[in-house]
Amino acid sequence: MNPRILVLAGEPSGDLHGGRVVTALRERFPDATIDAVGGPRMAAAGATIRRSIDGLSAMGLVEILDKLPAHIRLLRSLRRDFVNRRYDLVIPIDYPGFHLRVAESAKRAGIKVLWYIAPQIWAWRPQRADRFSRAVDRLAVILPFEPGFFGRVGIATDYVGHPLVDGEALPSREAARAALGIPDEARVLALFPGSRHGEIRRLWPAYRDAARQVLAAGGCTHVIVAATADGDYPDAGEFTLVADRGEQVLAAADAVLAKSGTTTLEAALADVPMVVAYRLNPLTFVMLRRLVTVRWASLVNLVAEQEVVPELMQGAVTAEALARAVLPLLDPTGDAARTQRRGLAEVRRRLGGPGASERLAALAGQMLVA
């Protein structure tokens, strides 16, 4: 079999997952033609890059508008390819706005679509599910509760496991602490206030002041911050700021204050107790509150289908509340830490074993011969 496959990513995280997907497809179909919209990870795995993701991804309305001409040109080019039947299978990875239009164009041309990493329409705007169901032939999801939602709207859905499970192992606690200059016997609180300037600005004061309260109470001896190279962290004082080495910070931690997002699953996989706290722009929060249909904000609680980790949102994110929530988790022998770790073990079980990309490649094989 010499299939012709197009794999699409829209941002660096998609390129990371796409690199593993291309590797798995190459192993299953050595003679396949695999083109990609992607980046260095997909190129290194053996895909021919049709268009680099550089200049495509953006956050914020103004930035997205600035990238719109590049997206339009790419979509027109792909539509011509689909009409000319250049591909047998299209695999979009996440990035729902643009990729939904690509999928619709492929379907209209009679090309099969296998979508990997579903848009979180189960969390908000579930009415978009009808349009999504018409654009894909099969869906490979990475969260265990997603097949139920997408199955109800008529999409053939397979749970392939979470790609984080396939990621590189964290450094050992001893190695991470040695690299950061932290003694083995230290008790460490790690802060993950996000990577975007807006979320850092909204979260940092409460995170910083909470950590100071925990230090003063004797709950920890060291505070380390998973920082970004261009982030602003005023009055960090005695804290250790570690730029762009989040895996090292996580490996060294006894407990974590983290924004909602993938970091919470990474902490669950590392068996590190956490408190999740997030603030949105107030106007965004008012708008989303009318749309959100899920009970929890953190992926950990969503996967567990119960409250495993404390969540604080918007006005509840105060230094006092954060310190009160995280302090008991820093005692590894205490009830709070032990109870949460039992919940984190269940989350790890539900996320499945390694091999998400291999299972995706197997689905691709089924679709190519169907």
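The residues of the chain are indexed from 1 along the displayed sequence.
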Taking side chain as C-beta onward, heavy atoms only, is [X] less than 4.5 Å from [Y]?
X    : Y    : value
L6   : L89  : no
V300 : M274 : yes
V276 : P310 : no
F98  : V37  : no
V188 : C220 : no
Y116 : I142 : yes
T23  : R28  : no
N301 : Q306 : no

Is there a donor-acceptor pair under 3.5 Å between the side chain of [X] and the backbone N or O of [Y]?
X    : Y    : result
T264 : G261 : yes
R51  : D54  : yes
R359 : G161 : no
R177 : A186 : yes
Y207 : A277 : yes
Q340 : A337 : no
R202 : R279 : yes
R26  : A32  : yes
K112 : M367 : yes
W204 : A206 : no

### Task
Could you tell me which residues satisfy side chain to side chain contact (heavy atoms under 4.5 Å, CB included) with P40, sequence neighbours excluded, listed by chain and number?
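Partners of P40 under the side chain to side chain contact (heavy atoms under 4.5 Å, CB included) test: D15.
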
#### Entry: Common cluster, L75/F82, ILVMFWY with side-chain heavy-atom separation under 4.5 Å
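Yes; F82 is reachable from L75 via cluster members.
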
### Query
Are L164 and L16 connected in a single hydrophobic cluster, I mean Ile/Leu/Val/Met/Phe/Trp/Tyr linked by side-chain heavy atoms less than 4.5 Å apart?
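They do not share one cluster, since no chain of ILVMFWY contacts under 4.5 Å joins L16 to L164.
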
### Candidate pair I155 and D137, rule side-chain contact (heavy atoms from CB on, under 4.5 Å), full reasoning
CA-CA 7 Å; I155 305 176; D137 294 288; over 6 Å; no

Under 3.5 Å, side-chain donor or acceptor atoms of residues 235-249 against the rest of the protein: list the pairs with distances, not counting sequence neighbours.
{"from": "R245", "atom 1": "NH1", "to": "Q248", "atom 2": "OE1", "distance (Å)": "2.6"}

### Task
Write out all pairs satisfying side-chain hydrogen bond (donor to acceptor under 3.5 Å, both in side chains) with one or both partners inside residues 181-190, taking only residues at least two apart or from two chains.
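Qualifying pairs: none.
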
In residues 343-354, what donor-acceptor pairs under 3.5 Å come from side-chain atoms, sequence neighbours left out?
{"from": "E346", "atom 1": "OE1", "to": "R349", "atom 2": "NE", "distance (Å)": "3.0"}
{"from": "E346", "atom 1": "OE2", "to": "R349", "atom 2": "NE", "distance (Å)": "3.4"}
{"from": "E346", "atom 1": "OE2", "to": "R349", "atom 2": "NH2", "distance (Å)": "2.7"}
{"from": "E346", "atom 1": "OE2", "to": "R350", "atom 2": "NE", "distance (Å)": "2.7"}
{"from": "R348", "atom 1": "NH1", "to": "A268", "atom 2": "O", "distance (Å)": "2.8"}
{"from": "R348", "atom 1": "NH1", "to": "D271", "atom 2": "OD1", "distance (Å)": "3.3"}
{"from": "R350", "atom 1": "NH1", "to": "V303", "atom 2": "O", "distance (Å)": "3.0"}
{"from": "R350", "atom 1": "NH1", "to": "A304", "atom 2": "O", "distance (Å)": "3.4"}
{"from": "R350", "atom 1": "NH1", "to": "E305", "atom 2": "OE1", "distance (Å)": "2.7"}

Do you see a donor-acceptor pair shorter than 3.5 Å between the side chains of [X] and [Y]?
X    : Y    : result
E311 : Y278 : no
T339 : R342 : yes
R138 : Q366 : yes

I'd like to know if [X] pairs up with [Y] as an ion pair, taking the criterion as any Lys NZ or Arg NE/NH1/NH2 lying under 4.0 Å from an Asp or Glu carboxylate oxygen.
X    : Y    : answer
R196 : D232 : no
D81  : R4   : no
E104 : R131 : yes

Over all heavy atoms of both residues, which pair between [X] and [Y] is shortest? Give the atoms and the distance, please.
X    : Y    : value
I200 : P205 : O-CD, 4.4 Å
G219 : L327 : CA-CD1, 3.5 Å
G19  : A45  : O-CB, 3.3 Å
V113 : K107 : CG2-CG, 3.9 Å

### Mutual orientation of the aromatic rings belonging to F132 and F150 [parallel < 30°, tilted 30-60°, perpendicular > 60°]
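Because their plane-to-plane angle lies in the 30° to 60° range, the rings of F132 and F150 count as tilted.
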
### Message
Please enumerate all residues that pass ring pair (Phe, Tyr, Trp, His ring centres under 6.0 Å) together with Y87, with sequence neighbours excluded.
### Response
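Not a single residue meets the ring pair (Phe, Tyr, Trp, His ring centres under 6.0 Å) criterion with Y87.
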
### Query
How would you list, by chain and number, every residue that makes a ring pair (Phe, Tyr, Trp, His ring centres under 6.0 Å) with H99, sequence neighbours excluded?
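Y95.
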
### Task
List the steps, then state whether side-chain contact (heavy atoms from CB on, under 4.5 Å) holds for V223 with L191.
CA-CA 7 Å; V223 176; L191 309 181; 3.9 Å; yes

### Query
Do other residues, nucleotides or ligands put more than 12 heavy atoms under 6.0 Å from R208 CZ?
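Yes, the 6.0 Å shell around CZ holds more than 12 heavy atoms from other groups.
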
### Message
R86 vs D35, test: side-chain contact (heavy atoms from CB on, under 4.5 Å). Steps then yes/no.
### Response
CA-CA 10 Å; R86 179 168 175 169; D35 290 347; 3.4 Å; yes

